[in-house]
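Notes follow once the structure below has been shown.
As the structure is a prediction and not an experimental result, all values here were calculated from the model. Here is the naming used below: chain letters follow the sequence lines, and residue numbers restart at 1 for every chain.
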Amino acid sequence: MSGVTCSSRGSAPSFHRAIAPSRLCRRGTIHDHGGPRMLETIRRELASAVAAALTAMNVEEAQVFLDVAPRRQLGDLAWAGALPLAKSLRKPPRAIAEDVARRLEEVRAGLAETHPLALLEPGFSIEGAGFLNFRLRRGPTLAHLLLASSSTVTDQGQKREPGFTPGKRGGSPAVARERGSSEGPESPPKKKMIVEHTNINPNKAAHIGHLRNAVLGDTLVRCLRFLGNPVEVQDYIDDTGVQVADVVVGLLYLPEVQLLAAVAPVWPEIEGTPSRARVLDALAVRAGEGTLVKETLGSPDFDDVCWDLYPRVTRWYEQDESALKFRAEVLHAVEGGFPSEMTLNEAIDRLVSPDDGPRTTDHASVSRLAAAVAEANLRCHLVTMGRLGIAYDVLPHESDILHRGFWRRALQLLLGAGAIRKETEGKNAGCWVMSLVDSPEFAGMADADKILVRSNGTVTYTGKDIAYQLWKLGLLRDDGGTLHDFGYRAFDRFAQEGSTAPVRYGFGEGALYRTASDPDERPAGVSFGAAARVYNVIDARQSYPQKVVKEAIRVLGHPEAAENSVHFAYEMVALTPKAVKRLEEAQGLDFGLSEEDLSKPFIEMSGRRGIGVKADALLVTLIGEAERAIAERRGADDNSTPEQRADRARAIAVGALRYQMARQGRNRVLAFDFDEALAFEGDTGPYLQYSAVRAAKIFEKLGAQGLAGSPEVDAEAVAAAAVPDDLWDLVFACARTTEMVEKAVGALEFSLLAGHARDLAQAFHKLYHEHPVLHAEDEGARALRRGVFRVFAATIATILETLLGIPVPAEM
RNA sequence: GCGCCCGUAGCUCAGUUUGGAUAGAGCGUCAGACUCCGGAUCUGAAGGUCGCGCGUUCGAAUCGCGCCGGGCGCACCA
């Protein structure tokens, strides 16, 4: 086996002579960990060596943590542990550090060249109050990184129009290879994880708040996959709630003038005889043709119609309370469902009489219409997210949770555990409530009970979420122990013009599925749920109900699963008053905000009032600005086609948007401002993209002059070279990428990763000016710079495309 | 009232999970950059009682306690 491992990586025989004369290739040598995890390996080995030295000094303390030295002149890695030991050992910290250093030196001297610690420079230094600092052998370390990144630049640095790397089971070739070798055949497979994000009510267009959710969720997915975890992505669809019902109320009952005001500007075919019947008919026709969702960026789509219709309905309720009876009726109808064979056409025929007279209230038909509304909005959302490189594996529908009896089963389990009771008196009389008085988490609450079933017998959101969460964790089981599961069916859209080839949403490799309420409906090989860990990306405003869900899992006897049910909370996206005014001007609207509202630092978005920045609208604006920027900057010297320029503008727009969402800490309210969102200079996505484009450009030019070199050639040239501080700084920072990803995932804080990417780009841009490659003084200098920039190019491409989901265009 | 989050340069924000060496970016302001790999870049300057106080510690932006200011929750909404 060891021979196989060696030969599979041994693409550079000359390098192996220089750095690794030993043919020994057992596990645990640096060659098994030379890629993205190289620095982790060295730190781990060094930590255990320090721990061993301490043991030899009769120190019991076992936890050894190696820091990164604050400035490169001081060293690369640092151990600060001598300082706290000074008291108990009654020795000055510097003396302790010296003792440890001496012992480490002895150990190091006896190591084989292939040992990870052989990459440490001999002669550890002690600085300041007693910091023990370590330096890496720069040339050999850089050489290792070059070989690990081999192929990334040559593959990706070529002329290439922007596109998304498949986020699916992803990673660059280098990453995938490294994963395979670093874990080895014996290491147990990592456990399955589920990330649930997006979760937009399917009753109107997505806005920038939803974008924050989806970008955070998708970034988490990408990072988890990068670290080798199998991840399933879910987008929960609340297709039976009040919000969808309100749009249906709008279509069926809202005074016709209002309905037409929302629909007419978008659907020209109703112009001749504008009426409710024409609107519903047009809806059915479009759905039949497959044109209800048009997917053309920049022109209004069905979700835009709903965006306009929905606030009109809520305003109607405010003006006329009796209209609320329609909402209740539609909700009731939706709950009942409809026969699976019922078509939308049939439903609409029954809902509209030919002369547009009194409408029937056929419940199954209303329910069928609601399903169509939800599905059309959902498809719009999937298209919007696809534009940002965000894809899903499965779409659990709330209607299926209900019809499949998830809640019934969850209720039985809760009853069995004695966690729920039916109130017979007091304000909650007639409700099923979960008592939280015994839970420390809820101590001090005035009313520590949570209603799960209303007095009218319907289940609350929290109740449904408990059932859903149990299913995700594989804990929703029937008495026999078998999983209580959904059915599934494909949710691909189909290409127009008769093709039956599905077109995938987003850029994932696998097909997209939705749930079904018949458990026997199950395409071969399809299975979802039952993960060891679940991340739920949900607004911080829902922290309380999320805690209740977690508590329910705990009291059902699954404390470990409860710990693995993670609420990934983030603060809301609001608008600056300036942004609100700009929206009002652009749309010719008046949101009716008070002076007090406008004096606040930010204003909350409101779908009900129609206050918000739509995701697609922002993307269109960004693309327009990017096109203008390209024209301004490149002018006559750009000989690309309009299509190429459009692609670049799109990549820049996506980069700006995703970076803005990732760079801000999740616990801070994001006050959206147009000027900030449209910035392409400084700490922005395009700044990072430009660094990647610039680096790739160097290799393009080098290639044209026959000076391209290769990772192997550069590795050999660099192994014995003296690497100056500034170049080494960049190399070392690149090597820290995996550490940063682990940190970001551990803290669920992607500002760490965004900041890391910006630091890398900044360092590169500076070096770019100071270290010319093409016009280097001599071949030695050129090879060194080429090697450093090659590592940077591979690293930044991986961070942007694989981790942050930011496409790197060929030109800008 | 109770709970959670935020307070760092004129403005927008990193850094707090795991205390460590001289607290960092961007924007804005001012002054600059080679006939040479793309100026969406780079260099320099000015700009800080890390909200306030007390404590723990060899060491605090980071940990604890108490205040002050702001936001969000505490639904038979989702």
Checklist entry - Pro601(A) near the nucleic acid: base, sugar-phosphate alone, or nothing, with a heavy-atom cut-off under 4.0 Å? => result nothing
Next on the checklist: It should be established whether Arg541(A) places a side-chain nitrogen or oxygen under 4.0 Å from OP1 or OP2 of nucleotide C74(B).
Outcome noted: no
Checklist entry - Under the criteria of a ring-centre distance below 5.5 Å and an interplanar angle below 30°, is Phe131(A) stacked with the base of A21(B)? => result yes
Checklist entry - For atom C1', what is the distance between U12(B) and G28(B), given to the nearest Å? => result 11 Å
Checklist outcome for this item: Using Watson-Crick geometry (N1-N3 plus N6-O4 or O6-N4) or G-U wobble (N1-O2, O6-N3), each under 3.5 Å, G66(B) is paired with C52(B)
Checklist outcome for this item: Of the listed C37(B), U41(B), A21(B), the closest approach to the Lys701(A) side chain comes from C37(B)
Item to check | C1' atoms of C4(B) and A60(B), separation to the nearest Å | outcome: 24 Å
Checklist entry - Expressed as a whole number of Å, how far does the P atom of U49(B) sit from that of A9(B)? => result 8 Å
Checklist entry - Is it the case that Arg694(A) places NZ or CZ above or below the six-membered ring of Tyr768(A), under 6.0 angstrom from the centre and within 45 degrees of the axis? => result yes
Next on the checklist: Counting the atoms with a prime plus P, OP1 and OP2 as sugar-phosphate, which does Asp246(A) contact under 4.0 Å by heavy atoms, base, sugar-phosphate, or nothing?
Outcome noted: nothing
Checklist outcome for this item: Closest of G71(B), C74(B), U16(B) to the Lys743(A) side chain is U16(B)
Next on the checklist: Tell me whether the rings of Phe789(A) and Phe764(A) are parallel (<30°), tilted (30 to 60°) or perpendicular (>60°).
Outcome noted: perpendicular
Checklist entry - Mapping Val242(A) and Val773(A) onto RNA chain B by nearest heavy atom, which one lands closer to the 5' end? => result Val773(A)
Next on the checklist: For a quick check of understanding: with a heavy-atom distance under 4.0 Å over all strands, which category does Gln542(A) fall into, base, sugar-phosphate or nothing?
Outcome noted: base
Checklist entry - Which is true for Ile630(A) with a 4.0 Å heavy-atom rule: it touches a base, it touches only sugar-phosphate, or it touches nothing? => result base
Checklist entry - With sugar-phosphate meaning primed atoms plus P, OP1 and OP2, does Tyr687(A) contact a base, only sugar-phosphate, or nothing at under 4.0 Å between heavy atoms? => result sugar-phosphate
Next on the checklist: Walk me through whether Arg758(A) and Asp683(A) qualify under salt bridge (charged side-chain N to carboxylate O under 4.0 Å, His left out).
Outcome noted: CA-CA 7 Å; Arg758(A) 193 209 44 238; Asp683(A) 189 8; 3.1 Å; yes
Checklist entry - Hey, does His769(A) reach any base, or is it just sugar-phosphate, or nothing, if we go heavy atoms under 4.0 Å? => result base
Item to check | Whole-Å distance separating the CD1 atom of Ile401(A) from the C1' atom of A78(B) | outcome: 13 Å
Next on the checklist: Mind checking if Pro545(A) touches a base, just sugar-phosphate, or nothing, with heavy atoms under 4.0 Å?
Outcome noted: base
Checklist entry - For Ala540(A), which contact category applies under a 4.0 Å heavy-atom criterion: base, sugar-phosphate, or nothing? => result nothing
Checklist entry - With sugar-phosphate meaning primed atoms plus P, OP1 and OP2, does Gly130(A) contact a base, only sugar-phosphate, or nothing at under 4.0 Å between heavy atoms? => result nothing
Next on the checklist: Both distances below 3.5 Å, Watson-Crick or wobble geometry, any strand: find the nucleotide opposite A61(B).
Outcome noted: none
Checklist entry - Expressed in whole Å, how much space separates the C1' atoms belonging to G39(B) and G69(B)? => result 43 Å
Checklist entry - On a whole-Å scale, what distance lies between the P atoms belonging to U62(B) and G19(B)? => result 12 Å
Checklist entry - Any idea how Tyr461(A) and Tyr236(A) line up, ring-wise: parallel (<30°), tilted (30 to 60°), or perpendicular (>60°)? => result perpendicular
Checklist entry - Among C37(B), A78(B), U41(B), which is the nearest nucleotide to the side chain of His765(A)? => result U41(B)
Item to check | C1' gap between G66(B) and C30(B), integer Å | outcome: 44 Å
Checklist outcome for this item: Closest of G38(B), A78(B), C58(B) to the Glu398(A) side chain is A78(B)
Checklist entry - When all nucleic acid strands are considered with a 4.0 Å heavy-atom cut-off, which category describes Ala86(A): base, sugar-phosphate, or nothing? => result nothing
Next on the checklist: Under 3.5 Å for both donor-acceptor distances, Watson-Crick or wobble: does U16(B) have a partner, and if so which one?
Outcome noted: none
Next on the checklist: Measuring centre to centre across the rings, with the benzene-like ring taken for any Trp, is Tyr535(A) within less than 6.0 Å of His197(A)?
Outcome noted: no
Checklist entry - Between Gln664(A) and Pro772(A), who's closer to the 5' end of RNA chain B by nearest nucleotide? => result Gln664(A)
Checklist entry - Out of U12(B), C6(B), C72(B), which nucleotide sits closest to the side chain of Glu676(A)? => result U12(B)
Next on the checklist: Categorize Lys87(A) for me: base, sugar-phosphate, or nothing, with a 4.0 angstrom heavy-atom threshold over every strand shown.
Outcome noted: sugar-phosphate
Checklist entry - If you check the Ile698(A) side chain, which of C76(B), C42(B), C37(B) turns out closest? => result C37(B)
Next on the checklist: Applying side-chain contact (heavy atoms from CB on, under 4.5 Å) to Asp539(A) and Asn213(A), what does each step give before you reach the verdict?
Outcome noted: CA-CA 8 Å; Asp539(A) 193 322; Asn213(A) 182 305; over 6 Å; no
Checklist entry - How far, in whole Å, is C13(B) from G71(B) if one measures between their P atoms? => result 15 Å
Item to check | Nearest-neighbour nucleotide for the Val693(A) side chain, G38(B), A25(B), G71(B) considered | outcome: G38(B)
Checklist entry - What is the nucleic acid contact for Ala429(A), judged by heavy atoms within less than 4.0 Å: base, sugar-phosphate only, or nothing? => result base
Next on the checklist: Within the supplied structure, the quantity of interest is the number of heavy atoms (other residues, nucleotides, ligands) at a distance under 6.0 Å from Arg608(A) CZ; does it exceed 12?
Outcome noted: no
Next on the checklist: Any base atoms under 4.0 Å from Asn201(A), or only sugar-phosphate, or nothing? Heavy atoms, all strands.
Outcome noted: sugar-phosphate
Next on the checklist: Could you check whether atom CD of Glu321(A) has more than 12 heavy atoms from other residues, nucleotides or ligands sitting under 6.0 Å from it?
Outcome noted: no
Checklist entry - If you check the Arg634(A) side chain, which of G38(B), A25(B), C58(B) turns out closest? => result G38(B)
Item to check | Pairing partner (Watson-Crick or G-U wobble, both distances under 3.5 angstrom) of U29(B) | outcome: A45(B)
Checklist entry - NA contact type, Ala78(A), heavy-atom cut-off 4.0 Å: base, sugar-phosphate, or nothing? => result base
Checklist entry - Is any side-chain N of the basic residue among Asp67(A) and Arg43(A) closer than 4.0 Å to the acidic one's carboxylate O? => result no
Item to check | Of the listed nucleotides G71(B), A78(B), A21(B), the one nearest the side chain of Met572(A) | outcome: G71(B)
Checklist outcome for this item: Scanning all shown strands, the Watson-Crick or wobble mate of C4(B) with both distances under 3.5 Å is G71(B)
Item to check | Span that lies between the C1' atom of G1(B) and that of G48(B), in whole angstrom | outcome: 37 Å
Checklist entry - Between the side-chain atoms of Thr460(A) and the base atoms of C76(B), is any donor-acceptor pair under 3.5 Å? => result no
Checklist outcome for this item: Among C5(B), G15(B), C13(B), the one nearest any side-chain atom of Glu571(A) is C5(B)
